[in-house]
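Each chain gets a letter, A, B and so on, in the order the sequences are listed, and its residues count up from 1. What you see is a predicted model, and the numbers here were worked out from it, not measured in a lab.
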There are 2 protein chains.
Amino acid sequence: MSITIRDVAKKADCSIKTVSRVVNEESHVRPELRERVLAAIRETGYVPNISARRLVQKRSYVICLLLHAAGSFQSTLLSKVLEVGYEGNYDILVQTYYPIFSRSRKKVSDLIQQNRIDGLVTTPPCDSDPFLIDLINRSGLPHVHIAPLNPTGGTPYVSAEDFAGAYQMTERLIMLGHQRIGLLLGHRNQRPSLDRLFGYRAALEKHQIPINEQLLVDSENNFVGGSTATQILMNLNPPPTALFALSDESAAGALYRLNELGIPVPEKVALAAFGDLTISHQIWPGISAVKYPLEGIVEQAIQMLIALVEGTQPTSRQVILPTSIIMRGST
Amino acid sequence: MSITIRDVAKKADCSIKTVSRVVNEESHVRPELRERVLAAIRETGYVPNISARRLVQKRSYVICLLLHAAGSFQSTLLSKVLEVGYEGNYDILVQTYYPIFSRSRKKVSDLIQQNRIDGLVTTPPCDSDPFLIDLINRSGLPHVHIAPLNPTGGTPYVSAEDFAGAYQMTERLIMLGHQRIGLLLGHRNQRPSLDRLFGYRAALEKHQIPINEQLLVDSENNFVGGSTATQILMNLNPPPTALFALSDESAAGALYRLNELGIPVPEKVALAAFGDLTISHQIWPGISAVKYPLEGIVEQAIQMLIALVEGTQPTSRQVILPTSIIMRGST
DNA sequence: AAAATAATTGACAACGTTGTCATAACATGC
DNA sequence: GCATGTTATGACAACGTTGTCAATTATTTT
């Protein structure tokens, strides 16, 4: 039924191997014959069968992306993964991974053992699951972390300048006259949150502002966490004059709670965020943010992974991209 | 290097075909021999090579999801697709599809021709690209539309009660005393927008409120479109007392513009939306919305697709799910 | 002009499964 | 005990590609 390499060979009056050479752009084919083969391919509409190629080459041309949750971060990430993977001629298989479920671990294990994927990208918080990491490491499958919470071990990763970003934003807030800056920080045992906290501290120290531990509130990096932490911070006496949320979602939660409390932004309290996903500029007032270079991170990560898969030496195994500051109405 | 069916056969002292039968749970194997084979499989750690199986069976156990953009709608959708696909033992291959680019058409065409996928799900607005639809139809590949903009032809689809949802929300607004309700409608040539418009008209007619064409503004179903349309509507004299945005994103845009104009919501203008994705309840005030049953839609669609792939008769080829109304602070 | 080298081409095996068919072993009915 | 039917098993081809290696032809060198 379907058109195979044999049909093309017959039409072009040559061997199947020659057709294979033309298709794979190998050398050692006379231009004239090459043209004849290309014409035959056009006429027949031949497309190589990937399953056969995979079988003989023991490669799948598939990259697996492990995601934990569904959100703005993930969807931006995915869309960039698809774009870069596409350029490199890889299909993208998306798989959810919930560290608690042994089912998802089994699934990933099968994917690896059956040679169904050539490489694997993990996104936060998957990189913090030791079982998963161990599984991947033992398999020897190429893999790369995107923005790991826990960049330990030798796994290559791409991340951002958390320290510098937080430092710069904090300094901006100080320049605007703020001395009491509340920090909605994530988990202190996660590297990015910790680095951002250090950046915040460093900026305060530089400007000789004493650090008030009351202004540092641990919170979940999501809408509810941000909302709760804001309540705690605004109950202080005196309350902070600025809030710095270490994630987008918590910034959105903060703004919501401030609105509920009837506290005008930025008149009474300024608000800044680390992240800059869609929601930051789709709510009023726009939230000043440390722009997280997610698309750049993904691009580098996928290219790094493809390099690993194809055996070419990647230029480096740890890449840290710079952040930038975008000021909007909330400060 | 890797363990094949031959290794297992040697260990269990039988033919490879027998091992194949055991692996695929076919009948005609003596219990005693079956046990021996199972033991051999355990000992060797054998896992069937999927590429070989795919080659010979011309099946991939992969479902392709075509997405156009990255957003809240898409990420909710994806995460449900992964969940349901997972239950059915299918891998999910995600592919972006931009109707304008012939590249993406080529990519989809390759996926189909190379037997890399068993079935295909399209999401809006991919279903409106006649080239794509024609391509899929000619290939005979099982496929299903999710919430199509253009449900023509015989393609099975799953969608929601657009008419009823808009009718109910409009009626609610009328009950709240609104007579001048501005409508931010999408494209009039798209079925869901049109049905929602009809629902809106029907509710007004029912309550004997004359329809004012000035209050119907065509707009893109996104943030900017909503913002622009709101400006036009609020310039009317007198302006509407309520706005009904036919998508989430345009509602967010509307709220942003109202904030910019200093018009308080809901005091001066009420705002309602059709959709209810994340942003609706993460902005202040929460936006009253017609809840779009996206997860249910996806679930039905994937199950329908799997039924088509596996040849079992799907229960029905067109499914329409009911909507519900959630009132929040914006009305 | 002969020899050496390089480029071009094809025959055939291999990849690891499943499907087809033939055969062997066993059970059943008379 | 024989014919018949059923169950169990295996030999071998097929799937459509790429890799290996040998054979042929063109090009360069001596």
Is there a side-chain contact between B:T18 and B:L33 (heavy atoms, below 4.5 Å)? yes
Could you please spell out the steps behind the side-chain contact (heavy atoms from CB on, under 4.5 Å) verdict for A:T4 and A:N49?
CA-CA 8 Å; A:T4 78; A:N49 179 310; over 6 Å; no
- Query: What do you reckon, are the aromatic ring centroids of A:H68 and A:Y97 less than 6.0 Å apart?
  - Reply: no
What I want to check is whether the side chains of A:D7 and A:T44 have a donor and an acceptor closer together than 3.5 Å. no
inquiry  = Assess, by modelled atom type and distance only, whether the side chains of A:S60 and A:D118 contain a donor and an acceptor separated by less than 3.5 Å.
reply    = yes
Using only side-chain N and O atoms of [X], determine if any of them is under 4.0 Å from OP1 or OP2 of [N].
{"X": "A:K17", "N": "D:dT20", "value": "no"}
{"X": "B:T4", "N": "C:dG16", "value": "no"}
{"X": "B:T18", "N": "D:dG10", "value": "yes"}

Would you kindly give the [atom1]-to-[atom2] distance between [X] and [N], to the nearest whole Å?
{"X": "B:Q114", "N": "D:dC15", "atom1": "CD", "atom2": "P", "result": "18 Å"}
{"X": "A:Q57", "N": "C:dA13", "atom1": "CD", "atom2": "P", "result": "21 Å"}
{"X": "B:R6", "N": "D:dG10", "atom1": "CZ", "atom2": "P", "result": "14 Å"}
{"X": "A:I16", "N": "C:dA13", "atom1": "CD1", "atom2": "C1'", "result": "11 Å"}
{"X": "A:R59", "N": "C:dA14", "atom1": "CZ", "atom2": "C1'", "result": "19 Å"}

What residues 20-39 of chain A contributes to the DNA chain C interface at heavy-atom separation below 4.0 Å is A:R21, A:H28, A:V29, A:R30, A:L33
Within residues 40-56 of chain A, those residues having any heavy atom closer than 4.0 Å to DNA chain C are A:L55, A:V56
#### Entry: Ring-face cation contact, B:Y61 with B:R59, 6.0 Å cut, 45° max
yes
Quiz prompt | Six-ring centre of B:F131, B:R105 cation under 6.0 angstrom, axis tolerance 45° | solution = yes
Computed from five pairs at either end and rounded to 10 degrees, the angle between the axes of the helix from C:dA1-D:dT30 to C:dC30-D:dG1 is 30°
| task | Let me see the working for B:R54 and A:R54 under side-chain contact (heavy atoms from CB on, under 4.5 Å), right down to the final yes or no. | result | CA-CA 10 Å; B:R54 283 173 175 163; A:R54 284 172 175 162; 3.6 Å; yes
Residues pairing under salt bridge (charged side-chain N to carboxylate O under 4.0 Å, His left out) where one sits in residues 137-157 of chain B, two or more places apart or in two chains, turn out to be B:D134-B:R138
Contacts satisfying salt bridge (charged side-chain N to carboxylate O under 4.0 Å, His left out) that involve residues 78-97 of chain B (not counting sequence neighbours) are A:R103-B:E87, A:K107-B:D91, A:R116-B:D91, B:K80-B:E83, B:K80-B:E299
Residue set satisfying ring pair (Phe, Tyr, Trp, His ring centres under 6.0 Å) with B:H187, at least two apart, ordered chain then number -> none
